[in-house]
Amino acid sequence: MKRTALRRITAATMVVGLGIGLAGCGGGDGGNGASGTIGTADNPVEIAVWGWEPTLKQATATFEKENPNIKVKVTNVGSAVQTITSLQNAINAGSGAPDVAQFEYHALPQFALAGSLSDLSDKGAKDYADFYTPGTWSQVNINGGIYGLPMDSGPTALFYNKEVFDAAGVTEPPKTWDEYYEAAKKIKALGGGHYITADTGSEGSYTMLASLIWAAGGRPYEIKDAENVSITLTSDPAVKKVADFWQKMIDEGLINTQINSWSDEWNRGLGDGTIASLNYGAWMSANLLASASQASGKFRVATIPQWDASAKPSNGEAGGSTLAILASSKKQEAAWKYIDFVNHERDGINARVDNGAFPADHETLKSDDFLKGSAKLTDYFGGQEYNKVLAQASDEVSEGFSYMPFSAHAMSIYGDSLGPAYRGQKTLSQALADFQKALTDYGRDQGFTVTN
């Protein structure tokens with residue numbers, strides 16, 4: 001893509017006035033720790049890290065104990081969306097960007113293709129392909145480079161309230177989407193405002209729908225190179241399959257289309273069982289414990305329904321994040337040492353997983369300690385060995401799915417594009433066509449060649 005277009009794609013979604021001080025937050029040499037140096041115990045280099053994930057605190061403390069020559073200042077500048085916005089502000093300003101930043105996987109291509117991130121291939125990352133799960137590793141490999149190390153993952157799973165399912169006569173979690181449809185009818189028949197799930201087509205549903213399309217074999221986005229992108233939401237057969245099914249669920253009133261994801265009402269519905277299940281990333285376990293505690297002992301976990309029970313199981317990822325190094329950092333060696341420790345070395349990974357992160361590497365997913373799970377979550381899931389199910393869900397994630405290089409913008413307009421379909425103002429197919437057109441127009445305006 002042309003340099004002018006690269007500038008425009010970051011400027012177009014920049015939001016000024018978040019009240020976050022950017023100057024002096026990293027990037028410069030700070031008097032020590034220039035590229036190629038990592039400080040000494042007497043004169044440690046300091047690197048700046050932006051991230052929202054709470055387990056970074058424990059991982060960073062462990063890192064500093066083992067690396068007294070490097071000090072790490074972790075700053076939580078807000079949510080994942082706020083982090084992206086703040087980074088765009090700093091990059092556009094030409095100063096104030098950190099050395100390391102956390103990104104959701106879907107946001108990584110935008111910054112990688114714009115030249116804002118360091119390619120980690122020659123730092124050692126090219127040897128890590130077999131270490132990480134295929135789904136997460138494919139998300140950090142962009143246009144021939146490696147632009148982050150997987151930090152955590154979000155293989156999609158079905159979290160369901162067994163008490164409600166049993167009351168409706170659904171004695172086993174649905175193994176196919178046809179069974180899911182039949183279960184939805186039985187749960188609706190309970191009355192009392194019970195639904196199998198809630199979905200309004202809001203921004204919070206963006207990664208959920210993408211994960212279901214991913215699991216169905218859909219590949220509606222393709223980054224061909226730094227200038228060429230394809231968006232095929234209207235012609236991808238898997239997208240049509242998912243949209244047609246979800247349309248049937250909407251038409252028959254089998255989904256609660258009034259309650260937005262992540263709202264207080266949504267948490268209450270999960271807690272009292274009126275929202276009886278959800279298809280979300282594996283990290284949802286801890287969120288349920290925190291936000292729907294009154295359902296403790298009632299929830300269980302299953303792998304998501306399949307379109308064909310006789311075929312090899314297929315799954316997608318919903319969420320998850322990576323740590324990347326900003327190209328502007330003058331402390332590349334220290335920054336690499338940090339993300340390598342946090343995301344690749346055993347002590348760093350254990351510090352995060354032991355405090356609730358869902359792993360992105362094969363070794364942890366197979367370890368006895370992880371599979372045993374935490375006592376609190378085991379109780380929450382009624383004594384189920386829940387991590388064994390989630391590890392299976394991770395094994396079933398298929399490769400080859402990618403997001404667009406402007407997913408931050410896609411998320412921002414998702415609700416406006418898809419929401420009307422949940423209110424009966426248009427069909428999902430029509431809404432996806434509108435979404436595709438809006439994304440195509442935006443991409444071309446940013447300098448991409450976009451094909452459909």
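None of the values given here were measured: they were computed from a predicted structure.
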Ignoring hydrogens, what is the shortest heavy-atom contact between [X] and [Y]? Give both atom names and the distance.
{"X": "N387", "Y": "G373", "result": "ND2-CA, 3.7 Å"}
{"X": "P150", "Y": "T322", "result": "N-OG1, 4.0 Å"}
{"X": "P220", "Y": "I213", "result": "CD-CG2, 4.0 Å"}
{"X": "N279", "Y": "P305", "result": "OD1-CD, 4.0 Å"}
{"X": "L212", "Y": "V242", "result": "O-CG2, 3.9 Å"}
{"X": "G316", "Y": "V397", "result": "O-CG2, 3.9 Å"}

Donor-acceptor contact present, side-chain [X] to main-chain [Y], <3.5 Å:
{"X": "N315", "Y": "A393", "result": "yes"}
{"X": "Q258", "Y": "A198", "result": "no"}
{"X": "T62", "Y": "Q58", "result": "yes"}
{"X": "S329", "Y": "K331", "result": "yes"}
{"X": "E64", "Y": "V72", "result": "yes"}
{"X": "S412", "Y": "H409", "result": "yes"}
{"X": "Y386", "Y": "S374", "result": "yes"}
{"X": "K224", "Y": "S230", "result": "no"}
{"X": "E317", "Y": "G281", "result": "no"}
{"X": "S293", "Y": "L289", "result": "no"}

Side chains of [X] and [Y], heavy atoms from C-beta outward: is any pair under 4.5 Å?
{"X": "V49", "Y": "K73", "result": "no"}
{"X": "L390", "Y": "S285", "result": "yes"}
{"X": "H344", "Y": "F131", "result": "yes"}
{"X": "I91", "Y": "L326", "result": "yes"}
{"X": "Q332", "Y": "S118", "result": "yes"}
{"X": "L117", "Y": "I325", "result": "no"}
{"X": "S211", "Y": "F401", "result": "no"}
{"X": "P98", "Y": "L87", "result": "yes"}

Verify the ring-centre separation between [Y] and [X]: is it less than 6.0 angstrom?
{"X": "Y338", "Y": "F63", "answer": "yes"}
{"X": "F370", "Y": "F358", "answer": "yes"}
{"X": "F103", "Y": "Y147", "answer": "no"}

side-chain contact (heavy atoms from CB on, under 4.5 Å) partners for A410, two or more places apart: Y206, M404, F435, L439
Ignoring hydrogens and angles, state whether a donor on the side chain of [X] or [Y] is under 3.5 Å from an acceptor on the partner side chain.
{"X": "Y128", "Y": "D361", "answer": "no"}
{"X": "Q88", "Y": "N92", "answer": "no"}
{"X": "E396", "Y": "T303", "answer": "no"}
{"X": "D178", "Y": "T176", "answer": "no"}
{"X": "S263", "Y": "E265", "answer": "no"}
{"X": "S138", "Y": "E399", "answer": "no"}

Test side-chain contact (heavy atoms from CB on, under 4.5 Å) applied to F159 and N287, step by step: CA-CA 11 Å; F159 297 88; N287 283 273; over 6 Å; no
Worked verdict on Y105 versus T136 for side-chain contact (heavy atoms from CB on, under 4.5 Å): CA-CA 8 Å; Y105 290 116; T136 59; 3.6 Å; yes
Spacing of [X] atom [atom1] and [Y] atom [atom2] [to the nearest 0.5 Å]:
{"X": "L56", "Y": "N355", "atom1": "CG", "atom2": "CG", "result": "11.0 Å"}
{"X": "S407", "Y": "Q110", "atom1": "OG", "atom2": "CD", "result": "8.0 Å"}
{"X": "S277", "Y": "F165", "atom1": "OG", "atom2": "CZ", "result": "4.0 Å"}
{"X": "D251", "Y": "D244", "atom1": "CG", "atom2": "CG", "result": "10.0 Å"}
{"X": "N141", "Y": "L108", "atom1": "CG", "atom2": "CG", "result": "10.0 Å"}
{"X": "I255", "Y": "I250", "atom1": "CD1", "atom2": "CD1", "result": "5.0 Å"}

Would you say [atom1] of [X] has more than 12 non-hydrogen atoms from neighbouring residues, nucleotides or ligands within 6.0 angstrom?
{"X": "K57", "atom1": "NZ", "answer": "no"}
{"X": "K248", "atom1": "NZ", "answer": "yes"}
{"X": "D130", "atom1": "CG", "answer": "no"}

Salt-bridge present (K185, E182; N to O < 4.0 Å): yes
By salt bridge (Lys or Arg N to Asp or Glu O under 4.0 Å) - contacts of [X] (at least two apart):
{"X": "K241", "result": "none"}
{"X": "K426", "result": "D434"}
{"X": "K437", "result": "D441"}

Non-neighbouring partners of T234 that pass side-chain hydrogen bond (donor to acceptor under 3.5 Å, both in side chains), sequence neighbours left out: Q436
Full working for side-chain contact (heavy atoms from CB on, under 4.5 Å) between R219 and W214: CA-CA 7 Å; R219 300 294 182 264; W214 183 342; 3.7 Å; yes
Contact list for residues 234-259, test ring-ring contact (aromatic ring centres under 6.0 Å, His included), sequence neighbours left out: W177-F245, F245-W307
S321 and its side-chain hydrogen bond (donor to acceptor under 3.5 Å, both in side chains) partner, picked from E53, E104, Q102: Q102
Derivation and outcome, side-chain contact (heavy atoms from CB on, under 4.5 Å), residues S205 and L418: CA-CA 10 Å; S205 302; L418 274 292; over 6 Å; no
Given D340, V140, V342, the one that forms side-chain contact (heavy atoms from CB on, under 4.5 Å) with L149: D340
